[in-house]
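Let me begin by presenting the structure, written as structure tokens, before commenting on it.
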Amino acid sequence: MRSFHEFCQSKLIMNENDLDHYAQVSDAALDNAYHYGRSKPGTFGYEANKGSAKFALDLIGAGETDIEKISDAIHKGWASVARTYNDPLYATKPEKKANRLKLADMSYFDLPEDEKEKDRVVARAILQAFHSK
């Protein structure tokens, strides 16, 4: 499996603004579905949205349209960030880190259905945005 850095080097995303756009698409979709609030650059949520978007776009750019396959890629992108991002929140909520790492270590197909649905929400939004441009 390629690293997040290697994914970011792909030819699909020509600049950071493109990736930020799809991260915002992801963020908006999650906020609309779950009312999380919008993430800000430099936060775990924003970085996780970027990771998810990048992994999804790698597949979508190759022609993939299957929501389950794209959702799997989204989970892998989120997991890559969850494993490496040092969220300041962990100082007061270490259980948050433990929960994220537990989910990151699970394959998409082994996730509880409610967690899979979050990935599907993002997959549908990014796929639609990609084909709308």
Side-chain angles (χ1 to χ4, degrees):
M1 181 157 110
R2 292 184 285 168
S3 71
F4 180 68
H5 177 73
E6 289 168 325
F7 271 105
C8 287
Q9 301 305 312
S10 81
K11 295 177 183 167
L12 178 61
I13 301 298
M14 299 307 290
N15 62 52
E16 195 69 19
N17 288 334
D18 291 337
L19 187 54
D20 284 337
H21 167 73
Y22 287 103
Q24 291 171 21
V25 166
S26 171
D27 195 46
L30 289 168
D31 185 40
N32 286 338
Y34 299 101
H35 311 289
Y36 288 153
R38 300 297 298 269
S39 65
K40 307 252 186 280
T43 65
F44 172 80
Y46 195 83
E47 294 304 315
N49 285 327
K50 283 175 65 174
S52 295
K54 181 64 204 99
F55 277 53
L57 288 165
D58 193 59
L59 277 183
I60 294 168
E64 186 60 66
T65 59
D66 183 282
I67 292 299
E68 289 302 297
K69 289 179 182 177
I70 298 167
S71 297
D72 178 42
I74 284 165
H75 178 66
K76 288 174 181 169
W78 177 91
S80 73
V81 174
R83 287 186 191 101
T84 59
Y85 189 86
N86 189 18
D87 194 333
L89 181 67
Y90 299 157
T92 57
K93 296 186 177 185
E95 70 279 1
K96 190 75 166 170
K97 180 177 184 175
N99 186 52
R100 285 177 180 164
L101 291 176
K102 179 182 173 187
L103 292 172
D105 288 340
M106 296 175 77
S107 79
Y108 167 76
F109 300 100
D110 292 333
L111 290 172
E113 194 59 32
D114 62 325
E115 292 294 331
K116 286 182 187 177
E117 187 56 30
K118 292 173 190 176
D119 294 328
R120 291 179 192 125
V121 164
V122 174
R124 288 187 291 268
I126 291 176
L127 184 63
Q128 180 181 11
F130 182 83
H131 288 295
S132 296
K133 67 174 203 173

Counting neighbours of NZ on K116 that are heavy atoms of other residues, nucleotides or ligands and sit closer than 6.0 Å, is the number greater than 12?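 Buried by this count: over 12 neighbours within 6.0 Å.
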
Heavy-atom neighbours of E117 CD exceed 12 at 6.0 Å: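 Yes, CD of E117 has more than 12 neighbouring heavy atoms, counting only those of other groups under 6.0 Å.
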
Are the side chain of [X] and the backbone N or O of [Y] linked by a donor-acceptor pair below 3.5 Å?
{"X": "D27", "Y": "S39", "answer": "yes"}
{"X": "H75", "Y": "L103", "answer": "yes"}
{"X": "S26", "Y": "Y22", "answer": "no"}

Going hydrophobic residue to hydrophobic residue with side-chain gaps under 4.5 angstrom, can you get from [X] over to [Y]?
{"X": "I67", "Y": "V121", "result": "yes"}
{"X": "Y36", "Y": "V122", "result": "yes"}
{"X": "I70", "Y": "V25", "result": "yes"}
{"X": "Y34", "Y": "L89", "result": "no"}

Please report the shortest heavy-atom distance between I74 and A56, naming the atom on each side.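 Of all heavy-atom pairs spanning I74 and A56, the closest is CG1-CB, 3.6 Å.
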
State, to 0.1 Å, how close A125 and A29 come at their nearest heavy-atom pair, and which atoms those are.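 Looking at all heavy atoms of both residues, the closest pair is CB-CB, 3.5 Å.
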
Say you draw a straight line from [atom1] of [X] to [atom2] of [Y]; how long is it, rounded to the nearest 0.5 Å?
{"X": "L111", "Y": "K102", "atom1": "CG", "atom2": "NZ", "answer": "10.5 Å"}
{"X": "R124", "Y": "D119", "atom1": "CZ", "atom2": "CG", "answer": "10.5 Å"}
{"X": "W78", "Y": "Y85", "atom1": "CH2", "atom2": "OH", "answer": "13.5 Å"}
{"X": "R38", "Y": "Y46", "atom1": "CZ", "atom2": "OH", "answer": "9.5 Å"}
{"X": "T65", "Y": "L59", "atom1": "OG1", "atom2": "CG", "answer": "10.5 Å"}
{"X": "E68", "Y": "Y108", "atom1": "CD", "atom2": "OH", "answer": "3.5 Å"}

Stacked cation flag R100 on F44, 6.0 angstrom / 45 deg: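 Verdict for F44: a cation-pi partner in R100.
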
Side chain to side chain contact (heavy atoms under 4.5 Å, CB included) evaluation trace for D87 with K97: CA-CA 8 Å; D87 194 333; K97 180 177 184 175; over 6 Å; no

Test R120 against E113 for salt bridge (Lys or Arg N to Asp or Glu O under 4.0 Å), laying out the working first. CA-CA 10 Å; R120 291 179 192 125; E113 194 59 32; 2.5 Å; yes

Ionic contact status for K118 with D114, cut-off 4.0 Å: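 Result for this pair is no, no salt bridge flagged.
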
I would like to know whether L30 and N49 meet side chain to side chain contact (heavy atoms under 4.5 Å, CB included); could you show each step before the answer? CA-CA 10 Å; L30 289 168; N49 285 327; 3.7 Å; yes

